[in-house]
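Take a look at the structure below.
We number each residue from 1, following the sequence as shown. First listed ligand is number 1; within each ligand, the first listed atom is number 1.
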Amino acid sequence: MEHTIYRGLEGVHIDTTQICRIDGLKGELIYRGYDIRELADKVSFEEVIYLLWHDDLPNAAQLEAFKTELRPHFAVPDAIFNLMREYPKTVHPMHVIQSAVSILAAFDDQADDIGLDNVRRIGAQLVAKFPTIVAGFERVRQGKEPIAPHPDLGIAANFLYMLTGETPSEAATRVMDVALVLHAEHGSNASAFIARATASTLTDVYSAISAAVGSLKGPLHGGANAAVMKALEQIDSVANVEGYVLDTLAKPAGRVMGFGHRVYRVLDPRAIILKGVSHQLAEESGDSKWFDMSLEMERVMEREMEKKGRQVKPNVDFFSASVYRMLGFPGDMYTPIFAVSRISGWMAHLYEQYADNRIMRPRLIYEGPVGRKFKPLAER
Ligand code: CMC
């Protein structure tokens, strides 16, 4: 019997969704009908979370009520910080998030209830706690005490505040909000798919989310932003960019991180916005090193990919690297920041999955040996 193999599940649709649509040929991304370019320009991360979890953007009263709902959940149990203090300082922060999610399950006596009201309750907890966990670990590994969340600040400002104890400027808060809005949701990407596939067994939200965190960490997915920064650090100057790109492409299966996408054949609209933010930060700071290197990398890649007839453009992780660098974040915090945002999209997918579930159970075509003659242990 003939079987079609869809390697990497390319071209496979696992269900319908109301959350997000990507048009990879036009370079369009919409969250529940709203163009990402307009959202990035005009709304806060909280408004986007509300949009992803409901049918529409909140009005002023709904937004205030949502913020009030989230506020008490910013704090995390001391057990999480205590465990962080025991970790080696070198542990990847994504492992810290993943273990924190499991600890939160341990402290939730309703963890296994996958009724939609309870799933929404857990979603509010997780979206509020992720920034506290990421900022808290950054403090702890520097030998400092975590800073308690500020009751008057939103998620973007609070994240920056919990890193330093200083109320961030409006400009820094806005950049953070834009980054969080842009990373919130992206259809059936690897980690959202993993969240849905895990939930499709009707296991609990915490298990689905910790699986998604593990998936996001990989360098072909959310880990790419950290890999971009590593590459830029290694290259160190505009003059070295061309050599780096050519050497990388000359390697078998060589990949320049931050480029390429399964869905986009034109420039990722998120990359266009982040490129603008990176340019702005470079001008404001008077230090354009990271932006200039990124521009040169984009130029050389465009030329080289054109020669190969490939549509490989910068993706969301490419310019977010220089943006995060200019905001002063350490490289291994870039992917955790992605998680701080993407938890909102994962939760939206879990609502859809639990609301109308069918277990995900694809198949593999067996190509191994058959009919082997069994030998007892003593004869092998
Ligand atoms: N550098 C060089 N060539 C590339 C790249 C790249 N980054 N991406 C794709 N190509 C080429 C690739 O060589 C292949 O050509 P050929 O068939 O001649 O070997 C062709 O484009 C198709 O690539 P693919 O790897 O088969 O495409 P995919 O859809 O399976 O993988 C991807 C998509 C994003 C994993 C891949 O483009 C990649 O590895 N990029 C680098 C990692 C990265 O930036 N990941 C972030 C993804 S976007 C946001 C997110 O999820 O976090």
What atoms in ligand 1 come closer than 4.0 Å to a heavy atom of [X]?
X    : value
F338 : 52 (O)
H221 : 46 (C), 50 (C), 51 (O), 52 (O)
G258 : 43 (C), 44 (O)
P219 : 42 (C), 45 (N)
V316 : 49 (C)
G260 : 8 (N), 34 (C), 37 (O)
L249 : 2 (C)
A224 : 43 (C), 44 (O), 45 (N), 46 (C)

Is there a heavy atom of [X] sitting under 4.0 angstrom from any atom of ligand 1?
X    : value
N189 : no
G254 : yes
G222 : yes
G223 : no

* Minimum heavy-atom distance H261-V263, with the two atoms named ->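 Minimum heavy-atom contact is ND1-N, 2.9 Å.
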* To do: Identify the heavy atoms of L249 and G254 that sit nearest to each other, and give their distance.
  =>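 In terms of heavy atoms, the two residues are closest at CD2-O, 4.2 Å.
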Heavy atom under 4.0 Å from ligand 1: found in [X]'s side chain, backbone, both, or neither?
X    : answer
D317 : side chain
E10  : neither
R310 : side chain

* To do: State, with a plain yes or no, whether a side-chain heavy atom of V228 is found less than 4.5 Å away from one of M297.
  =>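 No - every pair of side-chain heavy atoms lies 4.5 Å or more apart.
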* Which pairs with one or both residues in residues 316-338 pass salt bridge (charged side-chain N to carboxylate O under 4.0 Å, His left out), sequence neighbours excluded? ->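 Of all non-adjacent pairs touching residues 316-338, those that pass salt bridge (charged side-chain N to carboxylate O under 4.0 Å, His left out) are R141-D332, E233-R325.
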* Judged by modelled atom types alone, do W346 and S191 share a side-chain donor-acceptor pair under 3.5 Å? ->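 Yes, S191 and W346 have a side-chain donor paired with an acceptor closer than 3.5 Å.
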* For K289 and D287, what are the C-alpha separation, side-chain angles and deciding distance, and is it a salt bridge (Lys or Arg N to Asp or Glu O under 4.0 Å)? -> CA-CA 6 Å; K289 172 177 175 172; D287 177 6; over 6 Å; no
* Asked: Between Y334 and H183, is the ring centre distance below 6.0 Å?
  ->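 No; H183 has its ring centre 6.0 Å or more from that of Y334.
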* **salt bridge (Lys or Arg N to Asp or Glu O under 4.0 Å) partners of K307, counting only residues at least two apart** =>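 Salt bridge (Lys or Arg N to Asp or Glu O under 4.0 Å) list for K307, sorted by chain: E304.
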* Asked: When you measure from the side chain of D268 to the backbone N and O of V316, does any donor-acceptor pair fall under 3.5 Å?
  ->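 Side chain of D268 to backbone of V316: a pair is present.
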